[in-house]
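Start at 1 and go down the list; that is how both ligands and their atoms are numbered. Note that the structure is a prediction, hence the values are computed from the model and not measured.
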Amino acid sequence: MSGVPVSSSSGSAAASSAASTPPLRLASASPRRRELLASIGVEVEVSPADIDESRGSDETPEIFVSRLAREKALAGHSVSALPTLGADTVVVCDDEVFGKPRDLAHACSMWRALSGREHRVLSAVALIGPRGLLECRVATRVWLRTLSEAEMAAYWATGEPADKAGGYAVQGRAAIFVERLEGSYSAVVGLPLYETAELLQAQGIQIL
Ligand SMILES: Cc1cn([C@H]2C[C@H](O)[C@@H](COP(=O)(O)OP(=O)(O)OP(=O)(O)O)O2)c(=O)[nH]c1=O
């Protein structure tokens, strides 16, 4: 796992939070990210950022996931003075990047690739606040057991895979497929809480 904060001096961000307003804008439609932040006591104003999530031909998975997190934060921040957090999560297997499955066939092709072996989940966070843009990225190793074709069809039918990177949710029914995980569980669910807390505190947002 790595979670190296990177600061840049955009200097364009100014923020303050009155006691009655949330301390943070979450530029994300992901209910998981909101719930994860709530679990550490961070209240958010949700404002999904609509950005193009396609990958450039020369982008490594790491550069790609960090760029998306940054673009989401920048899109959300442009309409708010609140500190704004964007995040992105992708599944990476043999340098192939898996986002959300389009349909059953797409999901099955991902699961066949991931089945019975190790892959990585990359989660990037970008936080714009009084101290400019702060970023981190976390890589977590995940081992999925071999899935049968019948299990794939049954899992798809639950509806759970459709909005998850790699087509699985470690926090849901796919827990029965995850043999082990090395790194950050919360990062796999969509937001690395330890590293995010460090970014929030670096922006002067008190958590405890
Ligand atoms: C691997 C994995 C991913 N996921 C989720 C986390 C993310 O919500 C989603 C990856 O898609 P993202 O594009 O990172 O996020 P999103 O579309 O849900 O929300 P937004 O872009 O508005 O911020 O997959 C799980 O919930 N559990 C898992 O085990």
Quiz item: Short list, please: which atoms of ligand 1 are under 4.0 Å from a heavy atom of Asp88?
Solution: 12 (P), 13 (O), 14 (O)
Practice problem: Find all atoms of ligand 1 within a distance of less than 4.0 Å from any non-hydrogen atom belonging to Arg32, and give their numbers and elements. | Solution: 8 (O), 18 (O), 26 (O)
Practice problem: Looking only at protein heavy atoms, identify the closest one to atom 22 (O) of ligand 1 and say how far it is in Å. | Solution: Ala29 N, 2.6 Å
Self-check item: Per-atom contacts, ligand 1 versus Ala169 - under 4.0 Å to a heavy atom
Solution: 27 (N), 28 (C), 29 (O)
Practice problem: Would you check the N or O atoms of Val121, main chain and side chain alike, for any that come under 3.5 Å of an N or O of ligand 1? | Solution: no
Self-check item: Shortest protein heavy-atom distance from atom 15 (O) of ligand 1, along with the residue and atom involved
Solution: Arg33 NH1, 3.0 Å
Quiz prompt | Atoms in ligand 1 flagged as close to Gln171, the criterion being non-hydrogen separation under 4.0 Å | solution = 25 (C), 26 (O), 27 (N), 28 (C), 29 (O)
Quiz prompt | Distance from atom 11 (O) of ligand 1 to nearest protein heavy atom, with residue and atom | solution = Lys100 CE, 3.3 Å
Quiz item: Should Gly190 be counted as touching ligand 1, given the test is an N or O pair under 3.5 Å?
Solution: no
Self-check item: For Thr89, the ligand 1 atoms whose distance to one of its heavy atoms is below 4.0 Å
Solution: 10 (C), 14 (O)
Quiz prompt | Test item: Arg32 and Leu191 side chains (from C-beta on) under 4.5 Å apart, heavy atoms | solution = no
Quiz item: At what distance is the nearest protein heavy atom to atom 1 (C) of ligand 1, and which residue and atom is it?
Solution: Ala165 O, 3.5 Å
Quiz item: Would Glu195 and Arg137 satisfy salt bridge (Lys or Arg N to Asp or Glu O under 4.0 Å), going step by step from the backbone distance to the final call?
Solution: CA-CA 8 Å; Glu195 293 77 5; Arg137 187 177 54 239; over 6 Å; no
Quiz item: Touching ligand 1 at all, Gly166? Heavy atoms, strictly under 4.0 Å?
Solution: no
Quiz item: Quick check: does Lys164 get an N/O under 3.5 Å from an N/O on ligand 1?
Solution: no
Self-check item: Output field: ring centroids Tyr155/Trp111 closer than 6.0 Å
Solution: yes
Exercise. Can you sort out which atoms of ligand 1 are near Asp163, meaning under 4.0 Å from one of its heavy atoms?
Key: 9 (C), 24 (O)
Table please: side-chain donor-acceptor pairs of residues 95-104 below 3.5 Å, with sequence neighbours left out.
residue: Asp103; atom: OD1; partner: Ala105; partner atom: N; Å: 3.3
residue: Asp103; atom: OD1; partner: His106; partner atom: N; Å: 2.8

Quiz item: Strictly under 4.0 Å, does any heavy atom of Val189 approach an atom of ligand 1?
Solution: yes
Quiz prompt | Basic-acidic side-chain contact under 4.0 Å: Arg173, Glu151 | solution = no
Quiz item: Hey, which atoms in ligand 1 end up nearer than 4.0 Å to a heavy atom of Val188?
Solution: 1 (C), 2 (C), 3 (C), 4 (N), 25 (C), 27 (N), 28 (C), 29 (O)
Quiz prompt | ligand 1-proximal atoms of Pro48, by part, heavy-atom distance under 4.0 Å | solution = neither
Exercise. May I ask you to identify the nearest protein heavy atom to atom 21 (O) of ligand 1, giving residue, atom name and distance to one decimal place in Å?
Key: Lys72 NZ, 2.6 Å
